[in-house]
Amino acid sequence: MSRHPTSPDHANPVQSADPTVWGIIQREQQRQQNTLELIASENHVSPAVLRAAGTVFTNKYAEGYPGKRYYGGCQHVDEIESLAIERAKRLFGCEHANVQPHSGSQANQAVFLAALTPGDPILSLNLNHGGHLSHGMKVNISGKWFNVSQYGVARKDERIDMDEVRRLAREVKPKLIITGASAYPRIWDWAGFAEIAREVGALLLADIAHIAGLVAAGLHPSPVPHAEFVTTTTHKTLRGPRAGLTMCKADWAKKIDSAVFPGLQGGPLVHIIAAKAVAFGEALRPEFKTYQQQILDNARALAEALMARKYRLVSGGTDNHLMLLDLTSGHPNLTGAQAEKWLEQAGIIVNKNMIPFDERKPMETSGLRIGTPAVTTRGLKTEHMPVIAELIHLVLSSNGDADAIDRVRSRALELCAQFPLPSES
Ligand SMILES: Cc1ncc(COP(=O)(O)O)c(C=O)c1O
């Protein structure tokens, strides 16, 4: 019998078939195990989500939708996709869910394709004030194809300035108003945006990529009753596989479905849809709310501990899972890029980030974005947050001194060892 070259005759087929790839995977696993992950958009999925993503569904072509496929052999694909849709609808209380977008950007593009034509005016949050590149950045398709105007936060409190949003909306008469962010630590006023959208005849999109877990758990207000479209990634606070999800009101369902396929994508990633189904199932359980509450408690505790060390946080704190540390307060000569590097050497992973009204360039920045979803998954609690704040402080005030950074590295490693991640072998 001719066997498949990667036939699973070993407990770990990647290890036996391709030790080079397995070695790289092992090194990444060690990296994740031995560092404190504070990137606000990352998380550690459950072994069940990981396993579902690595299944035979990766073999299957399934262009189309449940019951209407362009390929034979789709009975189990239909089952898994229908289950994922049903769970997404239950989780967010939406009228329609499309679980096929490969990413958050494509989830947004589906809305653009369904609702806009090139040249249409859109209104979204300024990238330097926390917005996402798929919401109208010049070099992104959204910025190239649409006529983008952007609102921002007010200088006085660094919160979204609703008067400015209304003024701009009246002036530019957008066809679509985009809400949601990659780096905004406060609560969104969906009802306020919906009122403005209604007044100027715009459609409303809420991109909840970052806060989807909080929304699903009822710990951040839901935009679903207010917006025609709600998009998200599934891999941030929601703790699912790397992918997207587009939700909409029932009267947009057909247009959204044909925008995703055949408008934007070919065959769906059915193995990832299976992993989304598992993640949505996890998010529907009561423990998920406890997890999301802990993310919030940890973020608040970390913010307070940093502020107690005299760091300024954009808008003075956080209401969600992330905060933006303004380096210009304590370390005016230190860029976000340099701080990110030193912290990485110390085993603390964050990302440089623009702060509102930043005078530095995006590759340098004056800020750091810090989030708690991943360390919370690992089991860290509020009592560990002052320790993390101390470690961050020691690195930021080290001037890059290798010994000082090494000492923090040892302490970060000790903390990681106390909270092991499940191994993939
Ligand atoms: C608000 C928001 N929307 C969309 C995306 C895009 O997601 P993806 O990287 O999956 O395309 C992100 C990713 O960071 C995001 O923060």
Side-chain angles (χ1 to χ4, degrees), residues 57-58 60-118 120 122 134-135 141-142 145-146 175-178 180 202-209 212 215-216 222-235 238 240-277 279-280:
F57 275 126
T58 198
K60 192 71 199 92
Y61 244 113
E63 286 180 358
Y65 288 101
K68 288 169 283 175
R69 303 282 182 185
Y70 289 83
Y71 287 81
C74 283
Q75 59 271 45
H76 305 302
V77 167
D78 282 5
E79 275 180 77
I80 199 69
E81 185 168 349
S82 302
L83 183 63
I85 291 169
E86 183 262 312
R87 286 183 178 176
K89 285 168 76 172
R90 213 150 28 100
L91 190 58
F92 291 102
C94 59
E95 292 174 9
H96 181 73
N98 186 309
V99 298
Q100 291 193 8
H102 301 333
S103 69
S105 297
Q106 277 167 316
N108 287 336
Q109 285 160 14
V111 174
F112 304 155
L113 191 58
L116 303 176
T117 34
D120 276 346
I122 63 173
S134 66
H135 299 180
I141 191 167
S142 53
W145 285 13
F146 304 110
K175 185 119 177 249
L176 181 72
I177 298 180
I178 306 179
L203 296 163
L204 185 61
L205 162 59
D207 176 348
I208 57 169
V215 170
S222 171
V224 168
H226 303 287
E228 281 82 9
F229 311 102
V230 177
T231 55
T232 184
T233 54
T234 49
H235 49 269
L238 196 50
R242 181 159 300 283
L245 167 68
T246 303
M247 297 170 271
C248 64
K249 300 282 188 206
D251 49 351
W252 282 95
K254 262 184 112 154
K255 281 197 165 161
I256 285 294
D257 283 354
S258 26
V260 174
F261 172 84
L264 286 172
Q265 298 182 174
L269 308 177
V270 186
H271 54 306
I272 299 301
I273 291 176
K276 287 183 214 186
F280 299 158

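Everything numeric here is computed off the predicted structure, so don't read it as measured data. The first residue of the sequence shown is numbered 1, and numbering continues consecutively from there.
Across all their heavy atoms, Gly73 and Gln75 have their closest contact at C-OE1, 3.2 Å. When all heavy atoms are compared, the tightest approach of Leu203 to Ala115 is CD1-CB, 3.8 Å. Smallest separation of non-hydrogen atoms from Tyr71 and Ala62: CD1-N, 4.4 Å. Pro223 and Val215 make their closest contact through CD-CG1, 4.1 Å (heavy atoms, listed as atom of the first residue, atom of the second, distance). Of all heavy-atom pairs spanning Ala88 and Phe280, the tightest one is CB-CE1, 3.7 Å. When all heavy atoms are compared, the tightest approach of Pro241 to Thr234 is O-OG1, 2.7 Å.
The closest side-chain heavy-atom distance from Asn98 to Tyr65 is below 4.5 Å. Between Leu245 and Lys276, the closest side-chain pair of non-hydrogen atoms is not below 4.5 Å. Residues Val270 and His76 are not in side-chain contact: their nearest non-hydrogen atoms beyond the backbone lie 4.5 Å or more apart. Between Pro268 and Ile273 there is a side-chain heavy-atom pair separated by less than 4.5 Å. No side-chain heavy atom of Ile122 sits less than 4.5 Å from a side-chain heavy atom of Leu205. Two residues are said to be in side-chain contact when any heavy atoms from C-beta on lie closer than 4.5 Å; Glu63 and Phe261 meet this criterion. At least one side-chain heavy atom of Arg90 sits under 4.5 Å from a side-chain heavy atom of Arg87.
One finds the OG atom of Ser103 at 8.5 Å from the CG atom of Asn108 (value rounded to the nearest 0.5 Å). To the nearest 0.5 Å, the span separating NE2 on His135 from CG on Leu176 amounts to 9.5 Å. For the atom pair Asp251 CG and Glu228 CD, the distance stands at 8.0 Å (nearest 0.5 Å). Atom NE2 of residue His96 and atom CD1 of residue Ile85 lie 7.0 Å apart, to the nearest 0.5 angstrom.
A donor-acceptor pair is defined here as one N or O able to donate and one able to accept, closer than 3.5 Å; such a pair exists between the side chain of Gln265 and the backbone of Gln100. A donor-acceptor pair under 3.5 Å is absent between the side-chain atoms of Lys60 and the main chain of Leu269, judged by distance alone. Within the 3.5 Å criterion, the main-chain N or O of Ala243 finds a donor-acceptor partner in the side chain of His235.
By the ring-ring contact (aromatic ring centres under 6.0 Å, His included) test, Trp145 is found to be paired with no residue, residues two or more places apart in sequence or in another chain being considered. Looking at residues two or more places apart in sequence or on another chain, you find a salt bridge (charged side-chain N to carboxylate O under 4.0 Å, His left out) between Arg69 and Asp78, Glu81.
By the 6.0 Å contact criterion, NZ on Lys249 is enclosed, its count of non-hydrogen atoms from other residues, nucleotides or ligands being greater than 12.
Of the residues listed (Thr246, Ile178, Ile256), the one engaging Phe229 in a side-chain contact (heavy atoms from CB on, under 4.5 Å) is Ile256, and it is the only one. Between Val111 and the choices Val260, Thr231, Asp207, the side-chain contact (heavy atoms from CB on, under 4.5 Å) rule is met once, by Thr231.
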Phe92 and Val230: CA distance, side-chain angles, deciding distance, side chain to side chain contact (heavy atoms under 4.5 Å, CB included) verdict: CA-CA 10 Å; Phe92 291 102; Val230 177; 6.0 Å; no

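For the residue pair Asp120 and Thr117, a side-chain donor N or O sits within less than 3.5 Å of a side-chain acceptor on the partner.
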